[in-house]
Number of protein chains: 2
Amino acid sequence: MAALDRSLVSSMPIFAGLGPQQIDEALADARSVRFPKGSPVFEQGHEATSFFVLLHGHLQVVKLTPAGQQVVVRYVTPGEMFGIAVQMGRPTYPATATAVVDSLALVWPSSAWPDLVSRVPALAASALQTVGSRLNEAHQRVVEMSTEEVERRVAHALLRLVKQAGRKVETGIQIDFPITRQDVAEMTGTTLHTVSRILSAWEDQGLVEGGRQKIVVKDPHRLFALAERG
Amino acid sequence: MAALDRSLVSSMPIFAGLGPQQIDEALADARSVRFPKGSPVFEQGHEATSFFVLLHGHLQVVKLTPAGQQVVVRYVTPGEMFGIAVQMGRPTYPATATAVVDSLALVWPSSAWPDLVSRVPALAASALQTVGSRLNEAHQRVVEMSTEEVERRVAHALLRLVKQAGRKVETGIQIDFPITRQDVAEMTGTTLHTVSRILSAWEDQGLVEGGRQKIVVKDPHRLFALAERG
DNA sequence: GCGCGTTTTTGTCGGGGCTCAAACAACCAG
DNA sequence: CTGGTTGTTTGAGCCCCGACAAAAACGCGC
């Protein structure tokens, strides 16, 4: 375990409450692994052999339906635990996680979890909180899908991306990784074509700025108003 | 704590791995509370003062949007923990839970959780597993809402209800609590009218049998085929 | 038994958004 | 530079499903 990792780790909210010794104990069974852009971290249906904490980069989590359609479940940002909720009891990963930029993650073997929790009990609470908050997000998504029309869903998705991975640039706030309109469509349960039309309309209104695999939100406040009220 | 409760409790999968003494410790801070049909167990936005295990009955969990639309998030069946994921860190309930039949639940004050976990560590794992499995369900719901048309969503919702609360009757399997087409509509993100039409069509085909606040699935196998393939 | 409210059924109509189709633009490898 | 690949835009048509309306069926209280 490199010193670099340890300093990165201690800056993560998940490990915030832990002393240096506890951090060492937590890291005892972990490796840190690089995932180049485009490479899978784990794949839907494969045996759940590991759980993770993302140190750097961004991951896209995708579910594939039996009919072959893809749905983007979420994006993972640095500091988040993932692959943990899932594998308690379940033998296989329920989705595929792919690095959308070069990424770095801590990797524990699944078998290390019970031991880890007994040595660092705070981790159990941390995990429960992480999963609980993710459950809330998922339920919120269900509510959105049930009640809102496409344009507002796209607005909400964009705002979520800005919050998770917004980087200030000249003209506004840019999503900090390559993202296609197809991806946005798979996040919002619509089609590439509809997303393209909506973004074009917004660009005409000066709300956003498009580009190949690029979205810059120029006026987050107005986008928020669009998402909340009609 | 009545003896009746203790025997009920020990039959719950959540407490299955625990010895009699551990069960007593777990129940030390709990009360058992009756909720008559129609009464709220907790309400969206209220302070999260308690967490629960349902012993008997059925609860409907509903989220209300700012615009006033209702979405049925899930139904709670006996043996399930609820109100737990939510309140780790979050101060208020994110949804409203209402008893759809006379129900009985164990109620712990939120403050008892840390102490409870330290005395019965297995509960932390149990909670994590519960929440994890619920997260999976929620993601599955998102995928359904994103990719499937209304009829298949209704079929899936019905199958879920049958699995959770199916009771064998003369002509098939009946949902074991009063449920309106409006409820089904709010589960599937559609309208009362569309649900009514779909159920009428299915009734003509001998798939289900309708009635006031009643649904009987006569041919679960064919319904399943409808849900999976087109 | 009777009236009333709730739930369900059924019909018609219109529109949002998906499907199909075809250019167009940007990036990459060679 | 050039051809191929990937991503984006735009148009036309149509269908599913939601909005509106109204009556019928059922249950409940009196």
Side-chain angles (χ1 to χ4, degrees), chain A residues 36-38 60 65 67-72 98 100-101 144-158 175 177-205 207-216 226 230, chain B residues 37-38 60 65 67-72 100-101 144-158 175 177-205 207-216 226 230:
Chain A
K37 172 176 174 174
Q60 186 188 53
T65 70
Q69 301 172 85
Q70 286 194 342
V71 176
V72 175
T98 310
V100 291
V101 295
E144 275 179 28
M145 302 277 314
S146 296
T147 61
E148 295 178 358
E149 62 273 34
V150 172
E151 186 173 18
R152 295 176 63 186
R153 295 210 301 270
V154 175
H156 270 124
L158 232 59
I175 311 303
F177 50 81
I179 184 167
T180 68
R181 280 117 225 273
Q182 179 70 41
D183 291 329
V184 176
E186 288 173 5
M187 294 175 69
T188 52
T190 183
T191 60
L192 157 68
H193 313 271
T194 300
V195 170
S196 182
R197 262 183 267 268
I198 289 174
L199 288 186
S200 293
W202 286 351
E203 191 153 12
D204 291 344
Q205 298 169 37
L207 254 168
V208 303
E209 190 184 310
R212 191 187 178 78
Q213 299 194 345
K214 188 186 79 165
I215 302 176
V216 181
L226 193 68
Chain B
K37 172 177 173 173
Q60 186 187 52
T65 70
Q69 299 171 85
Q70 287 194 341
V71 176
V72 175
V100 291
V101 295
E144 275 179 28
M145 302 275 315
S146 297
T147 61
E148 295 179 358
E149 62 272 35
V150 172
E151 187 173 18
R152 296 176 62 185
R153 295 209 302 268
V154 174
H156 269 123
L158 232 58
I175 312 303
F177 50 80
I179 185 167
T180 68
R181 279 116 226 272
Q182 178 70 42
D183 291 328
V184 177
E186 288 172 5
M187 294 175 69
T188 51
T190 181
T191 61
L192 158 67
H193 312 273
T194 301
V195 172
S196 183
R197 260 185 272 266
I198 289 174
L199 289 188
S200 293
W202 286 352
E203 190 153 10
D204 290 344
Q205 298 169 35
L207 253 168
V208 303
E209 190 183 309
R212 192 186 180 77
Q213 298 195 346
K214 189 186 78 166
I215 302 175
V216 181
L226 194 67

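All figures in this text were calculated on a predicted structure; none of them were measured in a lab. Order of the sequence lines sets the chain letters (A, B, ...), proteins ahead of strands, with each chain counted from 1.
Across all their heavy atoms, A:P178 and A:V100 have their closest contact at CD-O, 3.7 Å. Smallest separation of non-hydrogen atoms from B:G210 and B:E203: N-OE2, 3.2 Å. Residues B:L158 and B:I215 share a closest heavy-atom pair of CD1-CD1, 4.1 Å. Nearest heavy atoms, A:L192 versus A:A185: N-CB, 3.5 Å. Closest approach of B:G189 to B:R153, counting heavy atoms only: O-NH2, 3.5 Å. Contact between A:V150 and A:T194 at its shortest, heavy atoms only, is CG1-CG2, 3.8 Å.
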Taking N or O atoms only and anything under 3.5 Å, show me the protein contacts with nucleotides 18-20 of chain C, one pair per line.
unit_1: C:dC18; atom_1: OP1; unit_2: A:T190; atom_2: OG1; d: 3.4
unit_1: C:dC18; atom_1: OP2; unit_2: A:T190; atom_2: OG1; d: 2.4
unit_1: C:dC18; atom_1: OP2; unit_2: A:T194; atom_2: OG1; d: 2.7

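Put simply, B:R181 has no side-chain N or O that comes within less than 4.0 Å of OP1 or OP2 on C:dT7. The side chain of B:T180 contributes no N or O atom lying less than 4.0 Å from OP1 or OP2 of C:dT7.
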Can you give one letter per nucleotide of nucleotides 23-28 of chain C, going 5' to 3': B for a protein heavy atom under 4.0 Å from the base, S for sugar-phosphate only, - for none?
---BS-
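Atom CD1 of A:I198 is separated from atom C1' of C:dG16 by 11 Å (rounded to the nearest Å). Going from atom CH2 of B:W202 over to atom P of C:dT9 covers 13 Å, rounded to whole Å. Taking atom CD of A:E151 as the reference point, atom P of C:dG17 lies 8 Å away to the nearest angstrom. Distance B:L192 CG to C:dT9 P: 9 Å, rounded to the nearest Å.
A distance-only check finds no donor-acceptor pair linking the side chain of B:D204 to the backbone of B:A201 [under 3.5 Å]. B:R181 contributes no side-chain N or O that, together with a main-chain N or O of B:S196, makes up a donor-acceptor pair within less than 3.5 Å.
The CD1 atom of B:I179 sits 5.5 Å away from atom CE of B:M187, with the distance rounded to the nearest 0.5 Å. The NE2 atom of A:H193 lies 13.0 Å from the CD1 atom of A:I198; values are rounded to the nearest 0.5 Å. Taken to the nearest 0.5 Å, the CD1 atom of B:I175 stands 11.5 Å off from the NZ atom of B:K214.
Taking five base pairs at each end of the helix from C:dG1-D:dC30 to C:dG30-D:dC1 and finding the rotation axis that steps the C1' atoms of four pairs onto the next four gives two axes whose angle is 50°, to the nearest 10°.
For DNA chain D, the contact window with chain B, defined by any atom under 4.0 Å from a protein heavy atom, covers D:dC17 to D:dG27 in 5' to 3' order.
When the salt bridge (Lys or Arg N to Asp or Glu O under 4.0 Å) test is applied to B:E148, no partner is found at least two apart in sequence or on another chain. Not a single side-chain hydrogen bond (donor to acceptor under 3.5 Å, both in side chains) links A:T98 to another residue, sequence neighbours left out.
Nucleic acid contact class of B:L199 (heavy atoms, under 4.0 Å, all strands): none.
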